> 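One structure coming up, written as structure tokens, with questions to follow.
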Amino acid sequence: MMPAQTSPDDAPSAQSRQVTRAKAREAKSLFHRGWGLADIARELGENVNTVASWKRRGDWDADSPLEVVEDHLEAKLATYLCKEPFTEGDMKRVEFLMRQMQTAARIRKYNESGKEGDLNEKVGRRNDDRAKAKRADKRKNFLTLEQWEALLTDFHEWCDTYQEGWWEQRDQRTRKILKSRQIGATAYFAREALAKIGQAVLDGEQPRNQIFLSASERQAKKFIREITGWVKRVTGVDLKGNPLMLDFSGLHPADDDAGREEIRLDGVGLYPLSTNSNTAQGESGDFYFDEFFWVNSFARLRKVAAAMATLTIYKRTYFSTPSTKTHEAYAFWSGEEWNRGRKKGDQRPFDISHKNLRKGAIMPDGSWCQMVTLDDAIAGGAGSRIDKEELRAECSEEEFENLYNCQFVDDSESSFPFSRIASARVDSFYRWRDFAPAKFDIPGGRPFGEKPVWLGYDPNKQGRDDAALVVLAPPEVPGKGKFRVLAKYRLNGRDFQGQADFIKDIAARYNVTDIAIDTTGAGQAVYELVVGWFPRARRIEYSVASKTALVVKAQNVFNSGRIEFDENWTDLMAALMAIRPALTGSGRGVTYIARRNGEIGHADLAWALLNALSNEPLDAGAASGVTQGRVATSDD
């Protein structure tokens, strides 16, 4: 069998070139070690002219000291790697030589780049992306430019159309916004405040402090909770502190190649302040005044707020649902305050109609004003999150117009005007230490322990889908201490059995000592079911006399400052203000009503509270000590 044929001269030729390159490489190494050309030629068995040709073509004399060192290291490494046997000592020598090769490589890279990080491994690690990220993690409340960019992108993706309109007006010196409930204003303005900071940081401009002024500390901190939750979701960074101070150092370092100097930005703070806090006067910056139509002593607080934004660089934003025309803030909104004291020729009308303010307008005082109703919010992109008919079913027409259509309540005829009931509003989270509403989320939890409570229930009437239940804590000293409205519930879409079951479920969480039920309409059926498991339940027959007694009792409680409820419950405020006296059908008597579509209607939360309050005698606390006179019940 014939042996396999090789290709003509390729293999010998390739082998010859490889041997020649190896000899030339070895000749160069010997030259760098100080050998002469003749000695090198004899050592390798080559003609001295050939060696001289290698030297000339390779320009061995121009080799740098680094290249000479690398050549020696390579030769030494090859010697050890080919050694037999290869001992542990040889392994250590190879490791040492490899480290020297790495050092030589860093020197070569430094010669090309001039960057110290290429020469010093520690400096390089100090400035790589991983090290920068680690330092950013250690810095308190620090966000990178990329994280600020991500927040701004998310912010604009989150905004509805009407909220983008607010963003476009962010540089107005003063904004006054009258808005519907539940359209995301608090969440938006919390994000807007941080987004303004982020935009300034990305533009290399100095940001401003952002101050949130609310009726209570808890409501003010809601802004911070919105911000920290948003930042955590988008960037993974936990912002902490009260106030929350942001760090911008090192975000815009100098760039010699681009000829750009370092931009240094001072840190700024996010300050949550309550309207009863004098510390508000110590800060300056842009401020947001939340629900300014529902705070007490607005005129005084506005002066405090204005002091925080004295300089024209600071922006002022007031936003709120409307309360009453008698509130101090109404003159600020309507222009009455601005025109007051001006000469007649200098006075200007303020067109605060919805038609004029729907898209926002500049008022004579220079402020930008807008009115955003529930319908405006739905048209502006919030329709998927709002069920208008459900909201309408939960309250009387007057409450709906006030809370969702930006209509002010005329409480001049109300049995419970704003001025009478506003002082009952408290920050329940901090005031009521013995009440833990979070326990209601725990199966079997008892938010008020074994302390007694009274329940007041107002059923739906005339086929309407609105009903309410109130949990009322009576005073420890009858007739002297304060009532506390612990909880309120809307019961919609339930028949009389469902309503009775709901009352039973709530009663199981409290030590209930009284239940008062208006037995008008479906209330009678609810009462009959409730009395089966709570025989002491009281039935209240609504009549001119009984409603008068309910109102008179509640007025006495409010007038004497003997009741408290959470200051964020504007719906309860609106329900109380909706109750007013009216002539009976005969025109010979006075009853109390809340209007709904022009008919006698129902402020369900208010009546539920009045039902519960009626368990205390009308003359409780009188000097005589007599404790008689509860509103008529079923079997009393």
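Predicted model only: the values in this text are computed from it and were never measured.
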> Restricting to side-chain contact (heavy atoms from CB on, under 4.5 Å), what partner residues turn up for A606, sequence neighbours left out?
A575, L576, I579, A603

> Does this structure show an ion pair linking R181 with E399, if we count only N-O contacts that are shorter than 4.0 Å?
no

> Check the surroundings of atom CZ in F155: do more than 12 heavy atoms from other residues, nucleotides or ligands lie under 6.0 Å from it?
yes

> Heavy-atom distance under 4.5 Å between the side chains of L469 and F502, does that happen here?
yes

> Should the pair R536-D514 be classified as a salt bridge under the 4.0 Å nitrogen-to-oxygen rule?
no

> Any Lys/Arg nitrogen of K222 or D290 sitting under 4.0 Å from an Asp/Glu carboxylate oxygen of the other?
no

> Answer whether the closest heavy-atom distance between the side chains of Y162 and R358 falls below 4.5 Å.
no

> Relative to F319, does K176 satisfy both conditions: NZ or CZ under 6.0 angstrom from the six-membered ring centre, and within 45 degrees of the ring's axis?
no

> Could you tell me whether E390 and R385 have a side-chain N and a carboxylate O separated by less than 4.0 Å?
no

> Does some side-chain heavy atom of Y288 sit less than 4.5 Å from a side-chain heavy atom of R175?
yes

> Would you mind listing every ring pair (Phe, Tyr, Trp, His ring centres under 6.0 Å) that reaches into residues 548-574, with sequence neighbours excluded?
F416-F558

> Closer than 4.0 angstrom, basic N to acidic O: yes or no for R233 and D154?
yes

> Taking only residues two or more places apart in sequence, or in another chain, which ones meet F287 in a ring-ring contact (aromatic ring centres under 6.0 Å, His included)?
Y318

> Mind checking salt bridge (Lys or Arg N to Asp or Glu O under 4.0 Å) for E450 and listing every partner two or more places apart, or none if nothing turns up?
R446

> Does E564 pair with R484 as a salt bridge, N-O distance under 4.0 Å?
no

> What residues, two or more places apart in sequence or in another chain, satisfy salt bridge (Lys or Arg N to Asp or Glu O under 4.0 Å) together with E291?
K179

> Step through it carefully: locate the ring centre of F408, locate the ring centre of Y330, and say whether they are under 6.0 Å apart.
yes

> How about D571 and L403: do any of their side-chain heavy atoms sit closer than 4.5 Å?
yes

> Kindly state each residue pair satisfying ring pair (Phe, Tyr, Trp, His ring centres under 6.0 Å) with at least one member in residues 433-455, sequence neighbours excluded.
W454-F483

> Is the closest basic N to carboxylate O distance between D387 and R392 below 4.0 Å?
no

